[in-house]
Student: 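Could you have a look at this structure, given as structure tokens, before my questions?
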Amino acid sequence: MVIDQPATAVELATGLNLTVDAVEQLLAELQREYNGYTVNAPDSDVASADGINTGINTVGHTSRPRGFELRNIAGGWRIYSRADFADVVGGFVLEGQTARLTQAALETLAVIAYRQPVSRARVSAIRGVNVDSVVRTLMQRGLIEDSGTDPESGAVLYRTTSYFLERMGIGSVAELPQLSPHLPGLEGIEEFYDAGRM
């Protein structure tokens, strides 16, 4: 709760002086508990950690999901408010703020996310407009970063950041939705672009 980025299992294991396997098992148990999957009836017998049947129900177990959840995203673990309560939490956090991305920024971010690593010139060619100021905005917000240079042209290449993955709630760009089902008749688009470069 106090760090500004997801904590890896290795970091948590180091901080708790446990093995990584033990931490991963505990994280999975917490995740299930927070999601409401660890139900103990009031009269059920519960085995303690050492395997002895205590006959005492553990405190805090519930059949209902909590208002928060533990997610494994962007290569680490972090506690989030549950999506069901996003509107309520957002009302408190974002009150009076309008930090939404413009349509141009969203389109540019989408091109970078799906074509990364990609140069600014390539993004401009795809969008049909100059994207210099939009790319600067996305970099300032920490959604994209410099990914080196193109060996042929020397142009700076851009890619999405772990912060982007975190904000999207995904673990990698491979989890982005596939675009092909929404673009009928464009099965050979890659060959078309390759032919245009020759």
Student: Quick check: do Thr160 and Val173 have side-chain heavy atoms less than 4.5 Å from each other?
Tutor: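 Yes, at least one pair of side-chain atoms sits under 4.5 Å.
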
Student: Let me confirm one number: the OH-CD distance from Tyr114 to Gln178, rounded to the nearest 0.5 Å.
Tutor: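 Going from OH on Tyr114 over to CD on Gln178, the span is 7.0 Å.
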
Student: In this structure, would Leu106 and Ile112 fall into the same cluster of hydrophobic residues linked by side-chain contacts under 4.5 Å?
Tutor: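 Yes, Leu106 connects to Ile112 through the hydrophobic network.
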
Student: Against Tyr158, only a single residue in Arg120, Gln116, Arg122 fulfils side chain to side chain donor-acceptor pair (under 3.5 Å); can you say which?
Tutor: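 It is Arg120; the other options fail the test.
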
Student: Within the distance-only criterion (no hydrogens, no angle test), does the side chain of Glu175 pair as donor or acceptor with the backbone N or O of Gly171 below 3.5 angstrom?
Tutor: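 Side chain of Glu175 to backbone of Gly171, a donor-acceptor pair under 3.5 Å: yes, one is there.
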
Student: Where do Thr149 and Leu157 land on the side chain to side chain contact (heavy atoms under 4.5 Å, CB included) test, with the steps shown first?
Tutor: CA-CA 5 Å; Thr149 57; Leu157 300 175; 5.8 Å; no

Student: With a 4.5 Å cut-off on side-chain heavy atoms, are Val20 and Leu12 touching?
Tutor: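 In short, these two side chains do not touch, never coming nearer than 4.5 Å.
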
Student: Which pairs pass salt bridge (Lys or Arg N to Asp or Glu O under 4.0 Å) with one or both residues in residues 145-165, sequence neighbours excluded?
Tutor: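 Listed by first then second residue: Glu145-Arg159.
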
Student: According to a 4.5 Å side-chain heavy-atom criterion applied to Ile, Leu, Val, Met, Phe, Trp and Tyr, with indirect links allowed, do Met168 and Tyr80 form part of one hydrophobic cluster?
Tutor: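 Hydrophobic grouping puts Met168 apart from Tyr80.
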
Student: Is a donor on one side and an acceptor on the other found under 3.5 Å between the side chain of Thr108 and the backbone of Val134?
Tutor: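 Not at all, since once roles are kept as given, no pair shorter than 3.5 Å links the two residues.
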
Student: Among Gln31, Arg32, Glu33, whose side-chain contact (heavy atoms from CB on, under 4.5 Å) with Asn35 holds?
Tutor: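 Running side-chain contact (heavy atoms from CB on, under 4.5 Å) over Gln31, Arg32, Glu33 with Asn35 returns exactly one hit, Gln31.
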
Student: Apply side chain to side chain contact (heavy atoms under 4.5 Å, CB included) to the pair Ile79 and Glu69, showing each step before the final yes or no.
Tutor: CA-CA 6 Å; Ile79 293 178; Glu69 60 189 354; over 6 Å; no

Student: Taking the side chain as every heavy atom from C-beta outward, state whether Leu27 and Leu70 have any atom pair closer than 4.5 Å.
Tutor: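 With C-beta onward as the side chain, the pair touches.
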
Student: Do Tyr34 and Phe68 have ring centres separated by under 6.0 Å?
Tutor: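 Centroid distance Tyr34-Phe68: below 6.0 Å, so yes.
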
Student: Determine which pairs satisfy salt bridge (Lys or Arg N to Asp or Glu O under 4.0 Å) with at least one residue from residues 101-110, sequence neighbours left out, and list them in order.
Tutor: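 Of all non-adjacent pairs touching residues 101-110, those that pass salt bridge (Lys or Arg N to Asp or Glu O under 4.0 Å) are Glu107-Arg127.
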
Student: How long is the span from the CG atom in Leu26 to the CG atom in Leu16, to the nearest 0.5 Å?
Tutor: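 Going from CG on Leu26 over to CG on Leu16, the span is 8.5 Å.
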
Student: CD1/Ile170 to CD1/Ile73 distance, rounded to the nearest 0.5 angstrom?
Tutor: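 That separation rounds to 9.0 Å.
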
Student: Would you give the length of the straight line joining atom CZ of Arg141 to atom OG1 of Thr161, rounded to the nearest 0.5 angstrom?
Tutor: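 Nearest 0.5 Å value for the CZ-OG1 distance: 13.0 Å.
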
Student: What distance do Leu176 atom CG and Phe164 atom CZ have between them, rounded to the nearest 0.5 Å?
Tutor: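 It comes to 5.0 Å.
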
Student: Working to the nearest 0.5 angstrom, can you tell me the gap between Glu24 CD and Thr8 OG1?
Tutor: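 Answer rounded to 0.5 Å: 9.5 Å.
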
